Asks: 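The structure that follows is given in the form of structure tokens.
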Amino acid sequence: MKRLTRNLQWLIVVIFFIVCNSKVDKKLTAGKNQQENDSIAVKFKLVTNAIAPPIQFNVPPDHTHRIFITDNKGIIWLLKKDSLHPRPFLNITNRLKQKDKESQPGEIFSLAFHPQFERNSKFFLCYAKPSVRHAGAFKFFVSEFTVDTSNQGIANLNTERPVMELE
């Protein structure tokens, strides 16, 4: 009786392994077939690690295939044909600096292009800078800028027009 029970246990173990292995093989085969039939192939490639931390990637509606990379420290970089331009498109780090020891440095939050950017070269920037009136507080801005007329790779900081300000 003991021998029959032991043989039955071994038989169950062997059947269990056969069943489990055949299901795994079927799943692996099905996964390989799915990968072979998948028409979308996505590959990642490191273009630059000079920007830290990037918070936004934008492509303007101007058919130039440029990519604008915004970091939260106050700089917008321009990437074209897998090459990072050495000079930033926009740099407002001096506007975002701490006013005193109690205040935090400001940040860029977002960049948006005007729908007619190709014609008018306007874009909008949302950022916060330390408040002049209240220590430790921020002033929130949404401003309109235009691209420099002599160099389309640089923003003209003198064209800033505040659209909205909140203390």
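Computed from a predicted model, the values in this text were never measured in an experiment.
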Asks: Taking the six-membered ring for Trp and the full ring for Phe, Tyr or His, determine whether the centres of Phe68 and Phe113 are under 6.0 Å apart.
Replies: yes
Asks: Minimum heavy-atom separation for Val163 to Glu144, with atom names?
Replies: CG2-N, 4.0 Å
Asks: State, without any angle test, whether Asn58 and Gln56 hold a side-chain donor-acceptor pair at a distance under 3.5 Å.
Replies: yes
Asks: Closest approach of Val147 and Asn151, non-hydrogen atoms and distance?
Replies: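 Here Val147 and Asn151 meet closest at CG1-O, 3.9 Å.
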Asks: Nearest 0.5 Å, please: how far is CG in Asp62 from CD in Glu118?
Replies: 6.0 Å
Asks: To the nearest 0.5 angstrom, please state how far the CZ atom of Phe140 sits from the CD atom of Glu165.
Replies: 11.0 Å
Asks: Can you confirm whether Ser121 sits close enough to Gln152 that some side-chain heavy atom of one is under 4.5 Å from a side-chain heavy atom of the other?
Replies: yes
Asks: Between Glu107 and Lys73 (salt bridge meaning N to carboxylate O under 4.0 Å), is one present in this structure?
Replies: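 No, Glu107 and Lys73 are not salt-bridged.
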Asks: State, to 0.1 Å, how close Glu160 and Ser143 come at their nearest heavy-atom pair, and which atoms those are.
Replies: OE2-OG, 2.7 Å
Asks: Flag yes if Phe141 and Phe109 sit in one hydrophobic cluster, no otherwise; membership is Ile, Leu, Val, Met, Phe, Trp, Tyr, and two members link when side-chain heavy atoms are under 4.5 Å apart.
Replies: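 No, no single cluster joins them.
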Asks: I need the Leu78 CG to Arg66 CZ distance, nearest 0.5 Å.
Replies: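 Here the interatomic distance stands at 5.5 Å.
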Asks: Could you tell me if the side chain of Lys129 sits less than 4.5 Å from the side chain of Phe138, heavy atoms only?
Replies: no
Asks: Closest heavy-atom contact between Asn156 and Phe145?
Replies: O-CD2, 3.9 Å
Asks: Nearest 0.5 angstrom please: Ile69 CD1 to Leu79 CG, how far?
Replies: 4.5 Å
Asks: Checking the side chain of His85 only, and the main-chain atoms of Arg87 only, is there a donor and an acceptor separated by less than 3.5 Å?
Replies: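 Judged by distance alone, no pair lies under 3.5 Å.
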Asks: Can you tell me how far CG of Asn158 sits from CG of Asp148, rounded to the nearest 0.5 angstrom?
Replies: 9.5 Å
Asks: For residues Phe124 and Ile76: do they belong to one hydrophobic cluster (side chain heavy atoms under 4.5 Å, members Ile, Leu, Val, Met, Phe, Trp, Tyr)?
Replies: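 Each belongs to a different hydrophobic cluster.
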Asks: Would you name the heavy atoms of Leu157 and Asn91 that are closest together and state the gap between them?
Replies: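 The pair with the smallest heavy-atom distance is CD1-O, 3.6 Å.
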Asks: Checking the side chain of Thr146 only, and the main-chain atoms of Lys122 only, is there a donor and an acceptor separated by less than 3.5 Å?
Replies: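 It does not hold such a pair.
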Asks: Please step through side chain to side chain contact (heavy atoms under 4.5 Å, CB included) for the pair Val142 and Leu125, ending with a clear verdict.
Replies: CA-CA 6 Å; Val142 175; Leu125 189 64; over 6 Å; no
Asks: Give me the atom names and distance for the closest heavy-atom approach of Ile75 to Pro88.
Replies: CG2-CB, 3.5 Å
Asks: Give the ring-plane orientation class for Phe123 versus Phe89, where under 30° counts as parallel, over 60° as perpendicular and anything between as tilted.
Replies: tilted
Asks: I'd like to know if Trp77 and Ile154 are part of one continuous hydrophobic network [Ile/Leu/Val/Met/Phe/Trp/Tyr, side-chain heavy atoms within less than 4.5 Å].
Replies: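 No, no single cluster joins them.
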Asks: Could you state the interatomic distance from CD1 (Ile92) to CG (Leu90), rounded to the nearest 0.5 Å?
Replies: 5.5 Å
Asks: Looking at side-chain heavy atoms only, is the closest gap between Lys80 and His65 below 4.5 Å?
Replies: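 No, their side chains stay 4.5 Å or more apart.
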